[in-house]
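Whatever order the structure lists them in is the order used to number ligands and atoms, beginning at 1.
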Amino acid sequence: MSEIRSVDLVIPVYNEEANLPKLLDRLKADLEPLTATWRAIFVDDGSRDRSWQLISEAAKADHRIVGIRLGRNYGQHAAIFAGFARCDADAVVTLDADLQNPPAEIPRLLGSLAEGYDVVGGWRQQRQDRAFRRYASFWMNRLISRATGVPLRDYGCMLRAYRMDVVRMMRESGEVASYIPALAHCFTDRMTEIPVAHAERAEGESRYSFRKLIGLLLDLLTGFSMFPLRALSTFGVMMALGGLGFAALLLLLRFAFGAEWAAEGVFSLFAVLFVFVGAQFLAFGLLGEYIGRIYDEVRRRPQYVVRAEVGDRVEEGLRRAL
Ligand code: UDP
Ligand code: MG
C-alpha cells in the first residue's frame, strides 16, 4: 500500500452561504495536524445565494481552495462526481458543507485508509437529524446492504475517504451513482467503516425533500440490482398459480352449490382481477424505471456541466464535463 502524501477534499455546496465561512475556518484548523498536503475542491451545485462568491474569494486568498461551479442544480451526487473529475491526490475525502461532518474526523479516516483499505466510510454516531430521517435511513441502510451486497451500516454519511485508484475507476465508469460506495464495491472489497461524530446542521434546513429521497430509493432499486425484476417474476408466477387454484375452487363450489351461489363468485373474481391489475401496474412501473435508465444512457446527455472554475486553473464558460 502506497503512502498517502496528498488528499483532495470534495465538498458539494448548494445554497450554503451561511455555513461556508465557518467550514473554511474549521478546515484550516482541523487539518493542521495532517502530515499529508490537502486541497479542498468546493463544487457549487447551482446555488442561488452568495456561495460561489464566497468560494471564489476563498480560492483567490488560499491556493489550497479550488472552486467548480456547475451550470445548474444537478444534485449532491453529480456535484461530487464533478469534484472527482478534478482530483489527483493520493486520497479523496468527501464531506458535506453544512458542518454535519466534522472535518476533525478526516485524519482518522485517512489513518484507516493507510492501514490498507481502499474505501473508509463514516458511520454516524448519535445522528442529529429528524426522527423520520433516522428511521427511514435505518431501513434504507438494511435494504441497500441486502440489494447491493455491500456490507456498510451507513450509506447516507457522506464523510468518506477513497484511494485515488478507486476514484479513477469510478470516474471511468461514466456513471453518477447515488450510492457511491456501492459503485466503489464494483472495484474493491477492501472497505471498512469507522464511527464518526455527527453534528446538527449548522445553518438552514436539509436540502433534501421527501421527493428527492424517493428518487434516491428508486435509483437504488434499479441502479444496483436486478432484485426487483426477479422478485416481480416470482411474485407474478405465484399470483398466476394462486389465481388458477382459486378459479378451480370456484368451479368446484359452483358445481357443489349451484348457479345461485356462483353469482356471488363474480365479485370474488373482480377482487382477483384487481389484484392482477395492481401487480401489472407495479411491474410496468418498475420496467419503466429500467427503460428510463437505458434511455438516459443512450442519449449520452451530460450528467453535469461546468460553468466556471477558480483555483489552480481558472476558466469561464459552459462546457461538458463528460
Ligand atoms: N447539496 C448539493 N446539491 C443538492 C442538495 C444538497 O450539493 O441538490 C449539498 C449540500 O449543500 C450539502 C450536502 O449536499 O453540502 C448535503 O446536503 P444536506 O445537508 O441538505 O443533506 P442531509 O444532511 O439532510 O442529508
Ligand atoms: Mg446535512
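At the shortest separation from atom 13 (C) of ligand 1 among protein heavy atoms lies Asp96 OD1, 3.5 Å. In this structure, atom 18 (P) of ligand 1 lies nearest to the protein heavy atom Arg201 NH2, 3.5 Å. Annotation: atom 19 (O) of ligand 1 to nearest protein heavy atom, Asp98 OD2, 2.5 Å. At the top of the distance list for atom 25 (O) of ligand 1, counting protein heavy atoms only, stands Arg133 NH2, 2.9 Å. Distance from atom 9 (C) of ligand 1 to its nearest protein heavy atom, with residue and atom name: Pro12 O, 3.8 Å. Atom 6 (C) of ligand 1 has as its closest protein heavy atom Arg207 CB, 3.7 Å. When hydrogens are left out, the protein atom nearest atom 12 (C) of ligand 1 is Glu16 OE2, 3.4 Å; that is the closest non-hydrogen contact. The shortest contact between atom 1 (N) of ligand 1 and any protein heavy atom is with Tyr14 CB, 3.7 Å.
Protein N/O/S atoms found under 2.8 Å from the Mg ion (ligand 2), listed by chain and residue number: Asp98 OD2, Gln100 OE1.
Applying the 4.0 Å criterion to heavy atoms of Asp45 picks out, from ligand 1, the atoms 2 (C), 3 (N), 4 (C), 7 (O), 8 (O). Under a 4.0 Å criterion applied to the non-hydrogen atoms of Val13, ligand 1 contributes the atoms 7 (O), 11 (O). The distance from ligand 1 to the heavy atoms of Ser206 drops below 4.0 Å at these ligand atoms: 20 (O), 21 (O), 22 (P), 24 (O). The ligand atoms of ligand 1 that sit less than 4.0 angstrom from a heavy atom of Asn73 are 3 (N), 4 (C), 8 (O).
The structure places CD1 of Ile80 at 8.0 Å from CZ of Arg160, a figure rounded to the nearest 0.5 Å. With rounding to the nearest 0.5 angstrom, the CG atom of Leu110 is 9.5 Å from the CZ atom of Arg163. Here CG of Asp45 is found 11.0 Å from CZ of Arg207. Values are rounded to the nearest 0.5 Å. Residue Asp49 holds its CG atom at 8.0 Å from CG of Leu20, rounded to the nearest 0.5 Å. To the nearest 0.5 angstrom, Leu9 atom CG is 6.0 Å from Leu95 atom CG. Separating the CZ atom in Arg254 from the CG atom in Leu250 is a distance of 11.5 Å, to the nearest 0.5 Å.
Closest non-hydrogen pair, Ala36 versus Ile4, comes out as CB-O, 3.7 Å.
A salt bridge is defined here as a Lys NZ or Arg NE, NH1 or NH2 lying under 4.0 Å from an Asp or Glu carboxylate O, and Asp165 with Arg168 meets this definition. With salt bridges taken as basic N to acidic carboxylate O contacts below 4.0 Å, one links Arg201 and Glu16. Under a 4.0 Å N-O distance rule, the pair Asp129/Arg127 qualifies as a salt bridge. At a threshold of 4.0 Å, the pair Arg130-Glu205 counts as salt-bridged, since one of the basic side-chain nitrogens sits closer than that to a carboxylate oxygen.
Heavy atoms of Met158 stay at 4.0 angstrom or farther from ligand 1.
Between Phe84 and Phe81, the ring centre distance stays below 6.0 Å.
The cationic group of Arg72 lies under 6.0 Å from the six-membered ring centre of Tyr74 and within 45° of the ring axis, placing it in a cation-pi geometry.
No N or O atom of Ala79 sits closer than 3.5 Å to an N or O atom of ligand 1. Checked against a 3.5 angstrom limit, the closest N/O atoms of Asp129 and ligand 1 fall outside it.
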